[in-house]
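Worksheet for the structure shown next.
Chain A is the first sequence line, chain B the second, and so forth, proteins listed ahead of strands; every chain is numbered from 1.
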2 protein chains.
Amino acid sequence: MTTEHDRDRARAAYDAYLAECPARHLLDRIGDKWVSLIVSALADGPQRYSDLSRRIVSVSQKMLTQSLRNLERDGLVTRTVTPSVPVRVDYALTPLGRSLVPLMQAIKAWAEEHMDEVLAARARHDER
Amino acid sequence: MTTEHDRDRARAAYDAYLAECPARHLLDRIGDKWVSLIVSALADGPQRYSDLSRRIVSVSQKMLTQSLRNLERDGLVTRTVTPSVPVRVDYALTPLGRSLVPLMQAIKAWAEEHMDEVLAARARHDER
DNA sequence: CGGAATCCTGAATGATACTG
DNA sequence: CAGTATCATTCAGGATTCCG
C-alpha cells in the first residue's frame with residue numbers, strides 16, 4: 001500500500017525534523033509537567049530531596065525521582081550523596097542548568113504579561 | 001484517613017499553584033507536541049489547512065485540527081472560512097499569537113546554543 | 001477540501017507497599 | 001531519608017471511516 005509508505009516517510013521526515021530541531025528537544029524537556037517547577041526550585045540554590053518534595057507539594061516521589069533522573073542524565077542537575085545515617089542527597093543545577101534559568105524567566109514574563117488575555121479569550125470562546 | 005486528606009490538600013495546593021502560575025499554563029500550551037511547529041509555520045504568514053498539513057509532514061489530521069482548535073480557543077490563531085466549493089480555510093496568528101514568536105525564537109536560540117551539550121551529557125550518561 | 005466521529009493502543013502518571 | 005518496585009488508571013494520540 002502507498003499509505004504505508006507515506007506513513008513511514010512521514011515518520012522518517014518527522015524524526016529527521018526532530019533531530020535537526022533542537023527547539024523541539026528542549027520543549028520536550030521543559031514542557032514536562034514537573035521539570036519547570038524543579039528547575040525554579042533549584043534556582044534558589046541546592047536542595048535536598050525532601051526539600052524539593054516539600055516545596056513541590058503535589059509531586060509524587062515517583063515523578064520527582066524520575067524527573068530528577070532525567071535532568072541529571074541531561075547534565076542539567078547534579079546529584080550528591082552524603083553517606084551519613086540517614087543518607088543525605090542534594091540536588092543542584094549545573095552551569096548548563098543555570099543557563100536555563102533566564103529562559104524560564106522569559107517564559108514566565110510572557111505568561112505574566114499575556115496569559116490573562118489567553119484566559120479571557122478562552123472564557124469568551126467557551127461561553128458561546 | 002489522613003493520607004486522603006493530605007492527597008486532597010496536595011491536589012488543591014497544586015491547583016492553586018497552577019491557577020496563580022501563568023508560566024505553567026503557558027508551558028502546557030507551547031509544550032504541546034505540535035503547537036510550536038504550527039506557530040512557527042504560521043509565523044511566515046497565513047496558511048491553509050492543507051498547507052499546514054503539508055509543512056508539518058507527520059501530523060495527523062486529528063492532532064492538527066485539535067491543536068488549531070485549541071490555539072483558536074486561546075485567541076492565538078484565527079480561523080477564516082471561505083465558503084467556496086470546495087471550502088477554503090485559512091489560519092493566521094492573531095497579534096497575541098505573534099507576540100509569542102519572539103519567545104519561541106528565544107527558546108530556539110537556547111536550544112541551538114546548548115542542546116548539543118545536553119545531548120552529549122545524555123550520551124555520556126547512557127554509555128555507562 | 002477540511003474536517004467530525006469512532007475505536008483502540010501504548011505511554012505517562014498516580015497510588016501503594018516495601019527497602020538499604 | 002531517599003528512594004525502588006509493582007499495580008492500576010487515565011489519556012494523549014494514531015488509524016480508520018464517513019460527511020458537507
B:Thr82 side-chain N/O to B:Ser84 backbone N/O, donor-acceptor pair under 3.5 Å:
no
Side-chain (B:Ser53) to main-chain (B:Tyr49) donor-acceptor, under 3.5 angstrom:
no
Within the structure, does a side-chain N or O atom of [X] lie under 4.0 Å from either OP1 or OP2 of [N]?
X       : N      : result
A:Tyr49 : D:dT4  : no
A:Arg48 : D:dC1  : no
A:Ser60 : C:dT13 : no
B:Lys62 : C:dC8  : no
B:Lys33 : C:dA11 : no
A:Trp34 : C:dA12 : no

Of B:Arg54 and B:Gln61, the one whose closest nucleotide on DNA chain C sits nearer the 5' end is B:Arg54
Minimum-distance nucleotide (side-chain atoms of A:Asp32 versus C:dG3, C:dT13, D:dG13):
C:dT13
Contact list please: residues 71-86 of chain B against DNA chain C, heavy atoms, distance less than 4.0 Å, in numerical order.
B:Arg79, B:Pro86
For residues 93-113 of chain B, run the donor-acceptor check on the side chains, cut-off 3.5 Å, and write out each pair with its distance to 0.1 Å, sequence neighbours left out.
from	atom 1	to	atom 2	distance (Å)
B:Thr94	OG1	B:Gly75	O	2.7
B:Thr94	OG1	B:Leu76	O	3.3
B:Thr94	OG1	B:Leu96	N	3.3
B:Thr94	OG1	B:Gly97	N	3.0
B:Arg98	NH1	B:Leu93	O	3.2
B:Ser99	OG	A:Trp110	NE1	3.3
B:Ser99	OG	B:Leu96	O	2.6
B:Trp110	NE1	A:Ser99	O	3.1
B:Trp110	NE1	A:Ser99	OG	3.2

With sequence neighbours left out, the residues meeting side chain to side chain contact (heavy atoms under 4.5 Å, CB included) with B:Gln47 are B:Leu42, B:Asp44, B:Asp51, B:Leu52, B:Arg55
